[in-house]
There are 2 protein chains.
Amino acid sequence: MTGDGDRGDADPGGEAPERRASSEVISAVMEDYIKAIYAIERDTGERVSTSALADYLDVTAPTVSSMIKKLAERGLVDREEYKGVTLTDDGELVALEILRHHRLLESFLTEQLDYSWVDVHDEADRLEHHVSQKLSDRIAEALGNPPVDPHGDPIPDADLSLPDAGDAVRLVDAEEGDRVVVQRVRDQGDAELRYLADAGVWPGAELVVVDVAPFDMLTVETPSAEQSLPADVARLIEVEPATDDEGA
Amino acid sequence: MTGDGDRGDADPGGEAPERRASSEVISAVMEDYIKAIYAIERDTGERVSTSALADYLDVTAPTVSSMIKKLAERGLVDREEYKGVTLTDDGELVALEILRHHRLLESFLTEQLDYSWVDVHDEADRLEHHVSQKLSDRIAEALGNPPVDPHGDPIPDADLSLPDAGDAVRLVDAEEGDRVVVQRVRDQGDAELRYLADAGVWPGAELVVVDVAPFDMLTVETPSAEQSLPADVARLIEVEPATDDEGA
DNA sequence: ACATAGATTTAGACGAGTCAAATAATTGGA
DNA sequence: TCCAATTATTTGACTCGTCTAAATCTATGT
Ligand SMILES: [Mn+2]
Ligand SMILES: [Mn+2]
Ligand SMILES: [Mn+2]
Ligand SMILES: [Mn+2]
């Protein structure tokens, strides 16, 4: 006999750990839409269009159209026909909760389970919807309540307030000769992250900007080598001036 | 800017980490049915009836009827009309894989995140479907490849073979005066587990059987007190003779 | 001012997973 | 042996998340 005794839990559309402002049931799919809206809104500063969401989530426009209608009914987004959506305060809370789960999971995977910071995203992206508040909090505790995840993204605290990032500068805007420390590597394709990891560019790394802007390229010197980065990539890397006490 | 950049991942019925014998897509719901079939089959030694599954999963008989048809088509169960199902070898592999995830998660939660063994089940029951092979293996490694989970249930190894349990005896079959160590507490309701935890009965605990069978009750002495347990509960506890070297 | 390109929504369909009601098979008593 | 009670299956319907094709709205440029 070896039955585990998984007492009744067929859960197609329903049993996730929910404890938010408005206690409606929010599916994993809805959570992903909300996260996407949050990200695009932060990124562009504008209302999020149907097509932007469709692109981001790799889904067709009609699918988005019907989903945002549902989100609007649930009070999670403000929707204006033909004008896209914005998150409501409730919606933003949902986004922050998922983001907290996501980033804590990423931190946990790198710090306790020896994952590389380039590999954590997909795993966290699945688990974020199924982790309870309690588990998130335990992870945070075990990690000493880290303020940022392995990419340098800020982690909302237990009450979902987001510590505001220091005054970071985009690497692409740095000047020749600047000595900087990487604060944050904004999310991008797997290949790009892997390239950066190989190049020695990751949160915490110290760089010297060697050469700027020939043909949309920027060259930096890492402790081990000199690297050229496309401006598109350098735009997604945030740095601060090296303060000269983060030696080895 | 604080977008996480969760690149496109709306995943309603689809993107779980799958790498099994027959590479069909197996949903979380299907996984739960398979786990249930495995548990009931182990438990009763007989073909699993539609109604047994319906009871176990808290779902109606027609729902089970259609689902087992699908599982049969996928080659995961042998179905005989009106006679219930058995797992095929493929189905058993799926069950063992999920069981591995489940039990490793339970172990991890208790050992690294300070969960009580009575609280781990629900969390593991959700996460088991969303954990990758890689993550399971990392957890196993971090834990030193434990042979059993916090309830004493054996954990299938990476190749999904199940270490066979020692020759355990049900506590209900012990005799007066026996000094035993609890090996395993079979799954049961939350309330029962909590009761046992309060009573000082958990895997590893040493008990002396004080009194047996008056009115379906059995009385044991724990290090701290004397406890009476209903036979129904004692039937689900497995023990081995104390070998006299598991002192403090 | 208005035609048209482009974005958005509507309409209709589908697979998954579920249910209630109706029907059919099995089984164990009489 | 045969019938009633139990169990299982079929049928038809519903929700969720998705799609394609068609209709409709918005915005742009002349
Ligand atoms: Mn996700
Ligand atoms: Mn991140
Ligand atoms: Mn489960
Ligand atoms: Mn267990």
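Any value given below was found using the heavy atoms of this structure, including those in side chains, with hydrogens, waters and symmetry copies removed. Within every chain, numbering begins at 1; the chains are lettered A, B, ... in the order of the sequence lines, protein sequences first and strands thereafter. Quantities reported herein were computed from a predicted structural model and do not represent experimental measurements.
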**Student:** Rounded to the nearest angstrom, tell me the gap between atom CG in A/Asp55 and atom P in C/dG6.
**Tutor:** 15 Å

**Student:** Rounded to whole angstroms, how far apart are CE on B/Met67 and P on C/dT18?
**Tutor:** 6 Å

**Student:** Among B/Asp119, B/Asp114, B/Asp122, which residue meets the salt bridge (charged side-chain N to carboxylate O under 4.0 Å, His left out) test with A/Lys134?
**Tutor:**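 Between A/Lys134 and the candidates, salt bridge (charged side-chain N to carboxylate O under 4.0 Å, His left out) is satisfied uniquely by B/Asp119.
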
**Student:** Does B/Lys83 or B/Pro62 map to a spot on DNA chain C nearer the 5' end, using the closest nucleotide for each?
**Tutor:** B/Pro62

**Student:** I need the CD-P distance between B/Glu81 and C/dA24, as an integer number of Å.
**Tutor:**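 The answer, rounded to whole Å, is 14 Å.
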
**Student:** Between A/His121, A/His130, A/His151, which is the residue that forms a ring-ring contact (aromatic ring centres under 6.0 Å, His included) with A/His102?
**Tutor:** A/His121

**Student:** Check whether any side-chain N or O of A/Thr63 sits under 4.0 Å from OP1 or OP2 of D/dT18, and answer yes or no.
**Tutor:**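 False: A/Thr63 side-chain N/O out of range (4.0 Å or more) of D/dT18 OP1/OP2.
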
**Student:** Between atom NZ in A/Lys69 and atom P in D/dG17, what is the gap in whole Å?
**Tutor:** 14 Å

**Student:** Output the rounded distance in Å from CG (B/Leu57) to P (C/dA16).
**Tutor:**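 In whole Å, C/dA16 P lies 19 Å from B/Leu57 CG.
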
**Student:** Establish, with yes or no, whether the OP1 or OP2 oxygen of C/dT9 is under 4.0 angstrom from a side-chain nitrogen or oxygen of A/Thr50.
**Tutor:** yes

**Student:** List for me each residue that meets side chain to side chain contact (heavy atoms under 4.5 Å, CB included) alongside B/Asp78, sequence neighbours excluded, and say none if there are none.
**Tutor:** B/Thr86, B/Thr88

**Student:** Are A/Ser27 and D/dG17 close enough that a side-chain N or O sits under 4.0 Å from OP1 or OP2?
**Tutor:** yes

**Student:** If the cut-off is 4.0 Å, is B/Ser51 near the phosphate of D/dA8, judged by side-chain N/O to OP1 or OP2?
**Tutor:** yes

**Student:** Does a side-chain N or O of B/Tyr82 approach OP1 or OP2 of C/dT23 to a distance below 4.0 Å, or not?
**Tutor:**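 It does not, given that no N or O in the side chain of B/Tyr82 lies less than 4.0 Å from OP1 or OP2 of C/dT23.
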
**Student:** Taking only side-chain N and O atoms of B/Thr60, does any of them lie within less than 4.0 angstrom of OP1 or OP2 on C/dC19?
**Tutor:**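 The answer is yes; a side-chain N or O of B/Thr60 sits under 4.0 Å from OP1 or OP2.
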
**Student:** Rounded to whole Å, how long is the line connecting atom CG of A/Leu71 with atom C1' of D/dC16?
**Tutor:**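 It is 13 Å, rounded to the nearest whole Å.
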
**Student:** Nearest whole Å is fine: how far is C/dT8 P from A/Arg79 CZ?
**Tutor:** 11 Å

**Student:** OP1, OP2 of C/dG15 versus side-chain N and O of B/Lys70: anything below 4.0 Å?
**Tutor:**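 No.
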
**Student:** Please state how far atom CG in B/Asp58 lies from atom C1' in C/dC19, giving the value in whole angstrom units.
**Tutor:**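 Whole-Å distance recorded here is 13 Å.
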
**Student:** Side chain of B/Val29: nearest nucleotide among C/dA16, D/dT9, C/dT18?
**Tutor:** C/dT18

**Student:** Quick one: does B/Arg103's side chain have a donor or acceptor within less than 3.5 Å of a partner on B/Pro156's backbone?
**Tutor:**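 No; zero donor-acceptor contacts below 3.5 Å.
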
**Student:** Look at B/Tyr33 and C/dT18 and indicate whether a side-chain polar atom (N or O) is within less than 4.0 Å of OP1 or OP2.
**Tutor:** yes

**Student:** Go through B/Leu93 and B/Asp89 one step at a time and tell me if the side-chain contact (heavy atoms from CB on, under 4.5 Å) criterion holds.
**Tutor:** CA-CA 6 Å; B/Leu93 281 184; B/Asp89 289 355; 6.0 Å; no

**Student:** Give one of base, sugar-phosphate or nothing for B/Ser49, where a contact means two heavy atoms less than 4.0 Å apart.
**Tutor:**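 The residue B/Ser49 makes sugar-phosphate contact but no base contact.
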
